[in-house]
Amino acid sequence: MKFGRKILRDVEGYVPGEQPADPKVVKLNTNENPYPPSPKVLEALRALPADAMRRYPDALSEELRCVCAERYGYDGADWVFAGNGMDELLAMVLRTFVDPGDTVLSVYPTYVIYETLAQLHGALYKGVELDEGFQLPETFFSESARLCFFARPNPPSGACPPRAEVERFCESFDGLVVIDEAYVDFADDDCMDFPKRHENAIVMRTFSKSFSLAGLRVGVAVARPEIVREFLKTKDSYNLNAFSQAAAVAAMGDYAHMEANVAKVRATRGRLIEGLQALGFTVPESQANFVLAQWDGAPSAKEIFQRLREDGIYVRYFEHRRLENALRITVGTDDEIDRLIDALKRILA
Ligand SMILES: Cc1ncc(COP(=O)(O)O)c(C=O)c1O
């Protein structure tokens with residue numbers, strides 16, 4: 001295409017019909033939360049005056065940054081930066097701290113957007129190969145780059161390297177370390193305290209997963225105030241709209257609601273893994289709200305993906321190296337997982 005960029009995002013998630021209103025469809029392909037957000041979020045949105053639409057929102061998202069700082073054990077909004085989903089924060093960290101031609105490090109496989117964003121920015125991207133069990137190889141610790149994207153838990157397997165490993169990496173790495181904790185509320189522990197001890201650590205969270213607010217687009221980054229100040233210099237003037245700010249503040253105010261939903265998802269994750277293993281899938285340990293179901297028999301994983309789709313069950317299939325024989329499946333409700341397992345039994349019979 002004459003005006004097309006040579007680098008294209010993976011647009012699989014944008015296919016029309018992918019966000020169906022049809023309640024019969026079981027949507028397990030984009031790692032959303034199967035449960036609704038806190039009722040306090042809806043109350044907060046309904047309570048917003050018409051002026052919240054007429055006027056520009058708070059350009060600094062002060063209230064949201066304050067409640068996040070308090071929850072995460074930091075001394076005020078100076079330690080927090082808010083963005084229009086974590087994806088905006090990932091793009092911004094490149095815009096703010098990386099020059100074209102610099103090297104951006106991560107692993108393979110991981111969140112595909114890292115590479116796309118690095119390429120769009122004109123940076124060189126290096127994805128260090130994870131071992132067969134999707135764990136970090138020792139060579140990763142001697143890499144050098146301007147910035148590293150470190151997802152913990154890491155998609156698409158959900159593997160979660162020990163905190164001590166991330167800490168060792170932060171200590172030895174010469175650039176910024178973006179610890180992507182999009183899925184960490186579903187995991188056993190987190191690295192939210194690292195920016196206190198490591199000047200190169202930036203911890204990012206999203207409200208899209210554990211807080212069930214993917215449609216509102218809110219993400220936060222926690223880092224040293226001198227890093228946050230740099231973010232503020234490069235952001236769009238009003239990057240977070242008034243509704244998203246109010247919703248995220250309300251969601252943070254009902255933390256117990258999020259934790260209760262997470263507990264349900266974690267319990268269902270165990271059932272899902274057992275069900276898949278009983279059918280002959282190999283499933284690496286996951287600490288996220290999705291699992292990677294590996295399958296090298298017949299029919300192929302791609303055929304299974306297509307047959308599930310015909311049955312109204314959407315999972316994710318990647319045409320990527322090492323993932324051709326796998327399906328990434330979001331943990332839904334117990335009913336949704338029962339439907340998936342029943343459909344798989346029929347397909348594999
Ligand atoms: C590892 C990881 N990081 C970041 C994001 C982006 O989240 P958001 O919805 O806040 O843009 C995702 C979304 O799927 C993700 O999988």
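We're numbering straight along the sequence, starting at 1. Ligands are counted one by one from 1 in listed order, and the atoms in each one are counted from 1 as well.
In this structure, the protein non-hydrogen atom closest to atom 11 (O) of ligand 1 is Arg217 NH2, 2.7 Å. With hydrogens left out, the protein atom closest to atom 2 (C) of ligand 1 is Asp180 OD2, 3.4 Å, a heavy atom. In terms of protein heavy-atom proximity, atom 5 (C) of ligand 1 is closest to Tyr111 OH, 3.4 Å. Looking at atom 9 (O) of ligand 1, its nearest protein heavy atom turns out to be Ser208 OG, 2.6 Å. Looking only at protein heavy atoms, the nearest one to atom 14 (O) of ligand 1 is Lys209 NZ, 2.9 Å.
Ligand 1 has a nitrogen or oxygen under 3.5 angstrom from a nitrogen or oxygen of Thr206. Between Tyr183 and ligand 1, at least one pair of N/O atoms sits closer than 3.5 Å. On a distance-only criterion, Pro155 and ligand 1 share no N/O pair closer than 3.5 Å.
No cation-pi contact links Lys235 to Phe81, judged by a cut-off of 6.0 Å to the six-membered ring centre and 45° from its axis. The side-chain tip of Arg316 does not point at the ring of Phe290 from less than 6.0 angstrom away and within 45° of straight on. Remark: Arg328 is not positioned above the aromatic ring of Tyr317, lacking an NZ or CZ atom under 6.0 angstrom from the ring centre and at most 45 degrees off the axis. Taking the ring axis of Phe141 as reference, the NZ or CZ atom of Arg168 stays within 45° of it and closer than 6.0 Å to the ring centre.
We find the CG-CD distance between Asp254 and Glu259 to be 10.0 Å, quoted to the nearest 0.5 Å.
Proximity of Asn31 to ligand 1 is not established, as no heavy-atom distance is less than 4.0 Å.
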Audit row: Asp338, Arg271, salt bridge (Lys or Arg N to Asp or Glu O under 4.0 Å) steps and yes/no: CA-CA 9 Å; Asp338 289 346; Arg271 284 190 60 222; 2.4 Å; yes
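Contacts between Glu88 and ligand 1 below 4.0 angstrom, taking non-hydrogen atoms only, are absent altogether. For Asp87, heavy-atom contacts with ligand 1 shorter than 4.0 Å involve the backbone as well as the side chain.
Close contacts of ligand 1 with Gly85, meaning ligand atoms under 4.0 Å from a residue heavy atom, involve 10 (O), 11 (O).
Glu115 pairs with exactly one of Phe149, Tyr108, Tyr125 by the side-chain contact (heavy atoms from CB on, under 4.5 Å) rule, that one being Tyr125.
Side-chain contact between Phe318 and Pro109 is absent, with no heavy atoms from C-beta onward closer than 4.5 Å.
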